[in-house]
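First comes the structure, then the notes that go with it.
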Amino acid sequence: MSAAIPELKQFDEAELDRVFTGLEAEVAAQARTLTGGESVETFRLEWLGRKQGRLGQLSAAWLKSAPVEAKRSLGVRFNRLKAQIESLLTENVEAGGTGDPAQVLDVSLPGSAPRIGAEHPLVKTMAEVVGVFQRMGYSVGLGPEVETDFYNFEALNFPPNHPARDTQDTLVIADQEQKPLRERLLMRTHTSPVQIRSMLEQAPPLRLVIPGKVHRNDAADATHSPVFHQVEGLCVDTRITFSDLKGTLDHAMKALFGSAVKTRFFPSFFPFTEPSADVQISCIFCGGKGCRKCKHSGWIELLGCGMVDPAVFEAVNQRREQMGREPVYDTRKISGFAFGMGVDRIAMMKYGISDIGLLYSGDIRFLEQFS
Ligand code: DAH
């Protein structure tokens, strides 16, 4: 589209003024006719295009033939013309290309809807569980995912080589063999070590919920993932009894799954609680009549719990003394309960998710369903 290059015979100020005023008028006239997008780009290419741009061609031709004393004056004029074109381009791009300030904002156009993120179903469920306990006066505690053998096992009354360690297929950090066992690093297999960390930091009374990510060397299938989530609970005070534990968990399950839900407690074993129990809730799918989801039993097992084993308080006291702190977890004065539940399973039940892998796939089509 480049027009022919007019020959400049004279380089005096008057002639330069005349030629450049003409060019400026041409630029301005063209800019007024722009209608957006493509026309703006064509305009840009015509004047500023690297190869065919008129500005480049004019300056190459005129600067070459100009006498030395006129080059400066020519240069100044080219710069001014270029600035004019650039500012017209900016205006047109900002105005959506019409060049008409009145049309900068066209409120009749459909908006460009920003994509709003959604909370991940696990995060949502975890916050919900934590919220139930916060409303009962619990605080939130957190701990590291890379843990020592001491916190993950020893202080929780899993002695070295105790068979209960085998129930938690542990992912250990490599090259730790030169350290004493209790200092070796591993990926925490449960959130229970944060019970110990919290009691080392704080004196009783204590009411804590501890949400977090845990790791086990489990093969992935529809119900197992090597990474999953737990919410742990710990309540320590004077005269805490098993009925407090039952009442608290029964309330929590009703708050989470609806007031019609019933709970029942079965004897179980965990090294860090005595007595220990597994808690089942009446099946939220069939109301307890029996269905495929509850394997026709009417009940679904959801969490482990128990009264804090005095051996745990003793381990805490011992460590506190080593740290120069008072051994304030006196088993003659205080008692406590603890519980731990799997968040992934709760999320899967609440949202009807059939494969745990979906929670970790990062698939937008899955995640969008929770927005
Ligand atoms: N830490 C146990 C696990 O991962 C769950 C658990 C059971 C936690 C009983 C507790 C508890 O605090 O009292 O299997």
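Whatever order the structure lists them in is the order used to number ligands and atoms, beginning at 1. Values reported hereafter were calculated over all heavy atoms of this structure, with side chains retained and with hydrogens, waters and symmetry mates removed.
Residues M126 and L358 are members of one and the same hydrophobic cluster, defined by side-chain heavy-atom contacts under 4.5 angstrom among Ile, Leu, Val, Met, Phe, Trp and Tyr. When hydrophobic clusters are built by joining Ile, Leu, Val, Met, Phe, Trp and Tyr residues whose side-chain heavy atoms come closer than 4.5 Å, directly or via intermediates, Y329 is not grouped with L245. Grouping the Ile, Leu, Val, Met, Phe, Trp and Tyr side chains by contacts below 4.5 angstrom, directly or via other members, places F313 with L234.
For atom 12 (O) of ligand 1, the closest non-hydrogen atom on the protein side is E232 OE2, 2.6 Å. The shortest contact between atom 13 (O) of ligand 1 and any protein heavy atom is with A338 O, 3.1 Å. Of the protein's non-hydrogen atoms, the one nearest atom 3 (C) of ligand 1 is R216 NH2, 3.7 Å. The closest protein non-hydrogen atom to atom 11 (C) of ligand 1 is F272 CE1, 3.4 Å.
In F337, neither the side chain nor the backbone holds a heavy atom less than 4.0 Å from any atom of ligand 1. Residue C305 touches ligand 1 through its backbone alone, judged by heavy-atom distances below 4.0 Å.
The heavy-atom pair separating K64 from K71 by the smallest distance is O-NZ, 4.0 Å.
The residue from Q230, E274, H190 that puts a heavy atom closest to atom 1 (N) of ligand 1 is H190.
The atoms of ligand 1 that sit less than 4.0 Å from any heavy atom of Q195 are 12 (O). Close contacts of ligand 1 with F270, meaning ligand atoms under 4.0 Å from a residue heavy atom, involve 7 (C), 9 (C). Against a heavy-atom cut-off of under 4.0 Å, S192 is close to the following atoms of ligand 1: 1 (N), 8 (C). Atoms of ligand 1 found under 4.0 Å from any heavy atom of G306 (numbered from 1 in listed order, with element): 13 (O). Atoms of ligand 1 lying under 4.0 Å from at least one heavy atom of T273, given by number and element, are 13 (O).
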Show the numbers, then the answer: is there a side chain to side chain donor-acceptor pair (under 3.5 Å) between H215 and E145? CA-CA 8 Å; H215 305 253; E145 280 173 56; 2.9 Å; yes

Full working for side chain to side chain donor-acceptor pair (under 3.5 Å) between E314 and T331: CA-CA 8 Å; E314 263 149 40; T331 50; 4.6 Å; no

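At a 4.0 Å cut-off, not a single heavy atom of R188 sits close enough to ligand 1 to count as contact. The closest approach between M341 and ligand 1 stays at or above 4.0 Å for every heavy atom of the residue.
Between the Q369 side chain and the R365 main chain, a donor and an acceptor come within less than 3.5 Å of each other. No donor-acceptor pair closer than 3.5 Å links the side chain of S371 to the backbone N or O of L367. Judged purely by atom type and a 3.5 angstrom limit, S335 uses its side chain to pair as donor or acceptor with the backbone of I240.
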